[in-house]
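Notes follow the structure.
All figures in this text were calculated on a predicted structure; none of them were measured in a lab. Excluded from the calculations below are hydrogen atoms, water molecules and symmetry mates; all remaining heavy atoms, backbone and side chain alike, are included.
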Number of protein chains: 2
Amino acid sequence: MLGQGRGAGSGAAADARSRRGARGYAGPVTTGKPPTSHDVARLAGVSQSTVSLVFRGAARGRVAPGTQQAVLDAARRLGFRPNADARRLRVGGPRMVLIAVPDIVNPFFARVFTGARGAAREAGFQVVLSVQRDLASVAADVAGQRVDAVLACSLDDGGRPLDDSVPAVVLDAEPPAGMGAVRFDIAPALTEVVDHLHRLGHRDILHLRADVDTSTFRERAAAVDAACAARGMRRARAAASVDRDAARDTARAALARERAAGHPVTAVVCDDDILAVGAYKAAQAEGLAIPGDLSVTGVDNVDLAQALTPELTTVDLPGETLGEMGMRRLLAAVDGADTQPTEVVRLPARLLIRGSTAPPPRRSAG
Amino acid sequence: MLGQGRGAGSGAAADARSRRGARGYAGPVTTGKPPTSHDVARLAGVSQSTVSLVFRGAARGRVAPGTQQAVLDAARRLGFRPNADARRLRVGGPRMVLIAVPDIVNPFFARVFTGARGAAREAGFQVVLSVQRDLASVAADVAGQRVDAVLACSLDDGGRPLDDSVPAVVLDAEPPAGMGAVRFDIAPALTEVVDHLHRLGHRDILHLRADVDTSTFRERAAAVDAACAARGMRRARAAASVDRDAARDTARAALARERAAGHPVTAVVCDDDILAVGAYKAAQAEGLAIPGDLSVTGVDNVDLAQALTPELTTVDLPGETLGEMGMRRLLAAVDGADTQPTEVVRLPARLLIRGSTAPPPRRSAG
DNA sequence: CTGAAAGCGCTAACAT
DNA sequence: ATGTTAGCGCTTTCAG
């Protein structure tokens, strides 16, 4: 029982690569590093390959029951657990892709996830989700290299993108240089929204913005502004976090403000369906009927949109398709030994006109 | 350019361990398996260790710029990507824990996730999420051994639990034999709910159940039934999937049914806050005031509960604490080289009385 | 500045 | 039924 390798406490550089280095509890039999199958073999008095057989469950009929028990006992005493990295180095295993989203509860991301997961499974990849605000954090998560590919949805361009070593595709966001992306062609859709309202006769609208600084929302704002300007419409603005109650309060304040300023808005263009729900609540609180007194539009077409009364006029963002297409491109890059996918494709988003928009009420002043 | 190893199409057992076996695109330079750093070295005319230096970014000042470029070029031509498994076998890396939940959009799981993630990060673990309906599916996901531990929340006991090789703890569910768990002490809380209603004077209640067959919901049902029986209360039942609209429809039908049967209910006990929201909607649709005509209770105390008017009387389930405690136990088991954690702890759940419960309306018959 | 050589912990023939 | 022997692809001294 001698010959334990280097002296335990003396190593200066010894614990640089400690996996269990800093633990307070070193296990039943104290040894500097986690026990290996060799240690188990030695303790059980068998060869290492026997240990391997036992732990792979391939021992049936090849290792005597008594021996198996001895191996198991020795393993237990040492607290042995097979090293999964070593195992995979030999035998390989299913590959894994990570989907990163900024928020778990938003149903839009659930849809993207569903689409992406389907495509990944079809290709035999495992899928896990990471909830992270920006790309940089995802990069940190991936640094350990346990995933083979990354699909990042709606994460803002946080400076340095991902480690170059793992293929990645960005969804619904500006891709860092050299990365591919699948995104929505959102500007035309918002132009259409404004145009729709304009044709109905609206001239004073409120743009209820999402208080999130990502490119998709910047594009939405730019499109709304440009469309209003081009049509000579007055456009008020307010920003709220993507939360029904916050949106309600913000919208309510903005409605009151504009009314007090002498040019009440007749329509609210919301960056998002959740914000639109807030706008509904605000209208209700202000005693405004939708769409009689106030028209409301959203973006996303989440299930909710049709659960509202009246149903919400909104821009359909095909989240599942987004996830699915992004995943396909990503997986192609994983196997095609090529560089990162680098092209950017845009998915069409189209306006669904429903009951929440109608001509504005007749104005006393005009 | 000969010497391509075994004949391409002939291998019977050849692709048993194919990592890129079934791909249609074999990369710029066709070789049976993915290129290694040796291949790159050969093509670049350098030694393998030089390639290693370059790819680790440790080449600064140790490898001539021209050589580096040559290595990079060769790698590109071969479509070389360092093998992460091999790398980790040598250097180790951060460990990863998987949190499995049945549903992404339910805010309760978001809270559990938050709590668990905090604890994991503190301990230097990466965290990923897996959305899966039952434990068996999680096991499949984990078979590839890329995670070091599993925290499974509210997943039903789907027969065989997890592969024994990875430590796991179950949250809010019946743990399979030999596994540890952290769960809520939910029965007393629901007894308290019923008792609260009973004291207010309610005698006819509806239990709006979640249409999910997991132990926590079975326990809730048993507690409600027992409490009602003990107090001589009439208890109607209806089950809906955990979705606001489904709950609304189900609740509405049940309310009408009981009214038609001659014993209208004066209170609805919901298995979940989301169901309770449905009950609010149903009451509204039926023209019943809450709490004047109908009292409503929930379980979970999600943020929503206080956003409703009147605020929802509900059972507070401390999801964050659940996640945090579960994670701590789990991580202790990962490092303590011991066996699976096996004990089961129960977290208290307490009733929060708010505005949605009040004495029943005076009955004409009774 | 670059190369040779020795492993990391495990699996899988191939011997006994 | 068990042991021996080669590696998997990479990192990392240690010599040139």
Side-chain angles (χ1 to χ4, degrees), chain A residues 5-6 11-20 31-42 44-71 74-75 78 80-93 144-145 148 165, chain B residues 5 13-14 16-20 31-42 44-71 75 78 80-93 144-145 165:
Chain A
R6 327 97 200 200
D15 48 21
R17 27 117 95 185
S18 63
R19 282 177 57 120
R20 288 183 191 171
T31 171
K33 338 185 298 173
T36 75
S37 57
H38 278 108
D39 301 328
V40 175
R42 198 173 313 126
V46 299
S47 88
Q48 184 272 332
S49 59
T50 301
V51 176
S52 178
L53 282 178
V54 170
F55 270 85
R56 280 158 42 217
R60 232 23 249 275
R62 323 199 346 66
V63 176
T67 311
Q68 292 194 41
Q69 205 38 253
V71 169
L78 292 174
F80 167 75
R81 207 124 55 196
N83 179 322
D85 292 324
R87 165 172 234 280
R88 262 207 325 288
L89 174 56
R90 283 297 288 165
V91 302
Q145 297 288 304
D148 301 293
S165 65
Chain B
R17 28 113 97 182
S18 62
R19 281 176 57 121
R20 287 182 190 174
T31 172
K33 337 186 299 174
T36 74
S37 57
H38 278 108
D39 301 327
V40 175
R42 198 173 314 124
V46 300
S47 88
Q48 183 273 334
S49 56
T50 302
V51 176
S52 178
L53 282 179
V54 170
F55 270 84
R56 279 160 43 222
R60 235 18 253 274
R62 322 194 355 62
V63 176
T67 310
Q68 293 193 39
Q69 205 38 253
V71 168
L78 292 174
F80 167 76
R81 207 123 55 197
N83 179 322
D85 291 324
R87 165 170 235 281
R88 262 207 323 288
L89 174 57
R90 284 294 292 167
V91 303
Q145 298 289 304
S165 65

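- For the contact set between residues 53-70 of chain A and DNA chain C, defined by any heavy atom under 4.0 Å, the members are A:R56.
- Across all their heavy atoms, B:F80 and B:S37 have their closest contact at CE1-N, 3.3 Å.
- The shortest side-chain heavy-atom distance between A:T36 and A:N83 does not fall under the 4.5 Å cut-off.
- Within the model, atoms CD of B:Q68 and CZ of B:R62 stand 11.0 Å from one another, a figure rounded to the nearest 0.5 Å.
- In this structure, CG of A:D85 is placed 11 Å from P of C:dG9, rounded to the nearest angstrom.
- Among C:dC10, C:dT11, D:dC10, the nucleotide with an atom closest to any side-chain atom of A:V91 is C:dT11.
- Atoms CG (A:L89) and P (C:dC8) sit 13 Å apart, rounded to a whole Å.
- Separation of atoms CZ (A:R90) and CG (B:D85) is listed at 13.0 Å; rounding is to 0.5 Å.
- Between the CZ atom of A:R90 and the C1' atom of D:dC8 there is a distance of 5 Å, rounded to whole Å.
- Here B:T36 lies in heavy-atom contact (under 4.0 Å) with sugar-phosphate atoms only.
- Atom-to-atom, CZ of B:R42 to P of C:dT2 comes out at 19 Å; the value is rounded to the nearest Å.
- Distance B:R88 CZ to C:dC8 C1': 13 Å, rounded to the nearest Å.
- When the side-chain nitrogen and oxygen atoms of B:S37 are compared with OP1 and OP2 of D:dC10, one or more of them lie within a distance under 4.0 Å.
- Between A:R87 atom CZ and C:dC10 atom C1' the separation is 9 Å, expressed in whole Å.
- With rounding to the nearest 0.5 Å, the separation of CZ in B:R42 from CG in B:L78 is 9.5 Å.
- When all heavy atoms are compared, the tightest approach of A:A44 to A:A74 is CB-CB, 3.8 Å.
- Remark: A:Q48, A:S49 in residues 44-51 of chain A come within less than 4.0 Å of DNA chain C through at least one heavy atom.
- In this structure, B:N83 atom CG and D:dG9 atom C1' are separated by 6 Å, rounded to whole Å.
- Among B:V63, B:D39, B:V46, the single residue meeting the side chain to side chain contact (heavy atoms under 4.5 Å, CB included) criterion with B:V51 is B:V46.
- Between A:K33 and the phosphate of C:dC8, there is no side-chain N or O to OP1/OP2 separation shorter than 4.0 Å.
- The shortest distance between side-chain heavy atoms of B:Q48 and B:S52 falls below 4.5 Å.
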